[in-house]
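Residue numbers count from 1 along this sequence. The figures that follow rest on heavy atoms only: side chains count, while hydrogens, waters and symmetry mates do not. Please read these numbers as outputs of a predicted model, since none were measured by experiment.
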Amino acid sequence: MNTARVRTSEILLQQENYYSDRDYVQNPLKEENQVIEGYFQKEISQKAMAIRKVNKTLCGLLGIAVIVAFISYYFSMSNELVLNKLSRQISSLNEENAELQNNLDRLKSFNNVDSKMMQYNMLQKAAKVIEVPAVVSKAPVEQKTDMTASFNWSVGY
């Protein structure tokens with residue numbers, strides 16, 4: 001049974017037909033006085049050339065778009081870094097302002113109390129000092145007792 005040989009020869013014939021329709025000629029014509037030998041590219045049709053030009057143009061435009069996207073991404077990331085830095089500075093300034101505002105409020109309240117006390121003359125220096133002898137107390141001082149409720153400890157819940 002030589003079915004394998006027949007099949008391989010059919011496959012080879014199909015491959016030859018396949019490659020003869022492609023860009024390179026598989027079996028060039030043999031001439032007796034052939035000057036140049038080798039495989040030569042087939043003539044390209046105008047449709048194929050136009051498609052190739054369109055593809056190259058689109059590839060160029062796509063490359064330019066990718067480069068522009070990378071450049072814009074770089075600038076957006078640098079702007080985001082600047083914004084993050086400014087945000088941290090603003091947060092620290094807000095905290096510092098809150099502390100300063102608390103100090104200012106405390107000083108204002110002290111100043112308000114002081115001005116009110118001066119307005120009503122509630123704090124005056126004594127004009128003269130009077131010395132009084134110590135008074136002997138006849139009432140006995142009572143001792144205070146601890147009034148705690150007794151607490152019974154229990155084990156468990």
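- Put simply, CG on Leu86 and CG on Leu81 are 11.0 Å apart, with the number rounded to the nearest 0.5 Å.
- One hydrophobic cluster holds both Ile71 and Tyr74 under the rule that ILVMFWY side chains link at heavy-atom gaps under 4.5 Å.
- When hydrophobic clusters are built by joining Ile, Leu, Val, Met, Phe, Trp and Tyr residues whose side-chain heavy atoms come closer than 4.5 Å, directly or via intermediates, Phe75 is grouped together with Ile67.
- In this structure, the side chain of Ser87 does not engage the main chain of Leu83 through any donor-acceptor pair within 3.5 Å.
- Distance check, rounded to the nearest 0.5 Å: CG of Asn102 to CG of Asn97 gives 11.0 Å.
- The local environment of CD in Gln46 is sparse, with at most 12 non-hydrogen atoms from other residues, nucleotides or ligands closer than 6.0 Å.
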query = Stepwise, does the side chain to side chain donor-acceptor pair (under 3.5 Å) test hold for Glu99 with Asn103?
reply = CA-CA 6 Å; Glu99 292 174 11; Asn103 287 339; over 6 Å; no

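- Within the model, atoms CG of Leu62 and CG of Asn55 stand 11.5 Å from one another, a figure rounded to the nearest 0.5 Å.
- Using a 4.5 Å heavy-atom threshold, the side chains of Glu80 and Asn84 count as touching.
- Here Met77 is tied into one hydrophobic group with Tyr73, each link being a pair of ILVMFWY side chains closer than 4.5 Å.
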task = List the steps, then state whether side chain to side chain contact (heavy atoms under 4.5 Å, CB included) holds for Asn94 with Ile90.
result = CA-CA 6 Å; Asn94 284 341; Ile90 288 170; 3.7 Å; yes

